[in-house]
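Inspection log for the structure reproduced underneath, given as structure tokens.
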Amino acid sequence: MIHGELYHQDEELFELNMQARDKLYEYNHLTYRDLDKRKEILGGLFGDVGENAFVELPLQVDYGFNIHIGDNFFGNNNLTLADAAQISIGDNVLIGPYTGIYTGGHSIDPELRTKAGAEYAFPVTIGDNVWIGANVTITPGTKIGKNSVIGAGSVVTKDVPENVVAYGNPAKVARQINDKDREFYFKDRKTPQRFFNQLASDEVFHR
């Protein structure tokens with residue numbers, strides 16, 4: 001399954017799936033203020049979790065152990081991480097609400113799909129400093145390069161290079177990220193000087 005071979009879910013995989021759901025049930029029924037317990041459960045659910053990782057409630061995963069998250073990760077509510085294959089997420093990544101990262105698929109051939117239960121999975125990789133907007137779908141075997149931004153509602157079906165803004169269905173590169181993006185944070189709204197002052201200091205903002 002992890003290496004992209006055709007498979008179908010057997011009893012062992014079903015049990016691993018149920019073990020993840022046991023942890024998810026506990027996680028998704030925590031109070032919003034129980035931050036220490038959230039951290040504890042994520043540490044036992046994911047393969048790797050970096051420093052200052054924060055995932056809003058609720059969360060959905062398939063197995064958990066194939067998810068590897070870097071430092072300063074923020075995942076908003078209703079995040080789905082379907083990790084039949086590895087999902088690797090770098091440092092300083094922001095993911096908007098109702099986004100799904102999917103590594104698995106089913107055979108297009110109807111008999112293989114229905115009679116043989118044929119499934120496959122290919123990894124998804126997201127580089128450092130990526131921002132993924134709300135309601136984005138990321139499909140199996142895709143990569144998103146560092147510093148890039150994926151617009152809300154996009155469907156990522158092919159690799160996205162570094163340092164670009166991409167959006168649409170399917171998502172396509174709209175433009176390179178440039179100096180104007182530092183000067184203006186939204187349309188004609190200028191970035192206040194205090195944010196540039198923070199860039200010049202050693203202080204790093206953490207959620």
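Values in this document were obtained by computation on a predicted structure and should not be read as measured data. Heavy-atom basis, side chains included; hydrogens, waters and symmetry copies ignored.
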Give, for atom [atom1] of [X] and atom [atom2] of [Y], the distance between the pair rounded to the nearest 0.5 Å.
| X | Y | atom1 | atom2 | value |
| --- | --- | --- | --- | --- |
| Ile41 | Asp36 | CD1 | CG | 11.5 Å |
| Trp131 | Leu94 | CH2 | CG | 8.0 Å |
| Thr99 | Asn76 | OG1 | CG | 8.5 Å |
| His3 | Met1 | NE2 | CE | 10.0 Å |
| Lys172 | Thr157 | NZ | OG1 | 9.0 Å |
| Ile132 | Ile95 | CD1 | CD1 | 4.5 Å |

*Start with the C-alpha gap between Lys23 and Glu26, add the side-chain angles, then the distance that decides, and say whether salt bridge (Lys or Arg N to Asp or Glu O under 4.0 Å) holds.*
CA-CA 5 Å; Lys23 295 172 184 176; Glu26 184 178 6; over 6 Å; no
*Kindly indicate, with the supporting measurements, whether the criterion side chain to side chain donor-acceptor pair (under 3.5 Å) is fulfilled by Asn92 and Asn129.*
CA-CA 5 Å; Asn92 310 310; Asn129 312 318; 3.0 Å; yes
*Please test Asp62 against Asn17 for side-chain contact (heavy atoms from CB on, under 4.5 Å), starting from the C-alpha separation and ending with a verdict.*
CA-CA 6 Å; Asp62 280 352; Asn17 183 258; 4.3 Å; yes
State whether the number of non-hydrogen atoms from other residues, nucleotides or ligands found under 6.0 Å of [X] atom [atom1] is greater than 12.
| X | atom1 | result |
| --- | --- | --- |
| Glu183 | CD | yes |
| Phe54 | CZ | yes |
| Lys146 | NZ | no |
| Tyr7 | OH | yes |
| Arg175 | CZ | yes |
| Ile108 | CD1 | no |
| Glu51 | CD | no |
| Asn197 | CG | yes |

Is it true that [X] and [Y] fall in one hydrophobic cluster, defined by side-chain heavy atoms closer than 4.5 Å?
| X | Y | answer |
| --- | --- | --- |
| Tyr63 | Leu59 | no |
| Ile177 | Tyr167 | yes |
| Ile144 | Val164 | yes |
| Phe14 | Leu6 | no |
| Ile2 | Ile126 | no |

*Does the side chain of Gln60 reach to within under 4.5 Å of the side chain of Leu24, using non-hydrogen atoms?*
yes
*Find out whether Asn78 and Pro58 are in side-chain contact, i.e. whether some heavy atom of one side chain is under 4.5 Å from a heavy atom of the other.*
yes
Can you give me the closest heavy-atom contact between [X] and [Y], atom names plus distance?
| X | Y | answer |
| --- | --- | --- |
| Glu56 | Tyr27 | O-CE2, 4.2 Å |
| Thr139 | Thr142 | O-OG1, 2.7 Å |
| Phe46 | Val61 | CE2-CG1, 4.0 Å |
| Gly145 | Val130 | O-CG2, 3.3 Å |
| Asp34 | Leu30 | OD2-CD2, 3.9 Å |
| Leu112 | Ser107 | CB-OG, 3.4 Å |

*Between Asn72 and Asn52, is any side-chain donor less than 3.5 angstrom from a side-chain acceptor?*
yes
Look only at the side chain of [X] and the backbone of [Y], and say whether a donor-acceptor pair between them is shorter than 3.5 Å.
| X | Y | answer |
| --- | --- | --- |
| Asn169 | Val155 | no |
| Asp128 | Gly90 | no |
| Thr103 | Ala84 | yes |

*asked:* Here's a test for you: under side chain to side chain contact (heavy atoms under 4.5 Å, CB included), which of Leu45, Leu42, Asn77, Leu81 qualifies with Val55?
replied: Leu42
_Leu57 vs Arg38, test: side-chain contact (heavy atoms from CB on, under 4.5 Å). Steps then yes/no._
CA-CA 9 Å; Leu57 309 172; Arg38 286 202 216 186; 4.1 Å; yes
_side-chain contact (heavy atoms from CB on, under 4.5 Å) assessment of Tyr102 paired with Thr80_ = CA-CA 8 Å; Tyr102 303 98; Thr80 296; 3.9 Å; yes
*Take Asn163 and Gln176 through the side-chain contact (heavy atoms from CB on, under 4.5 Å) test and state the conclusion after the steps.*
CA-CA 6 Å; Asn163 300 299; Gln176 293 282 323; 4.3 Å; yes
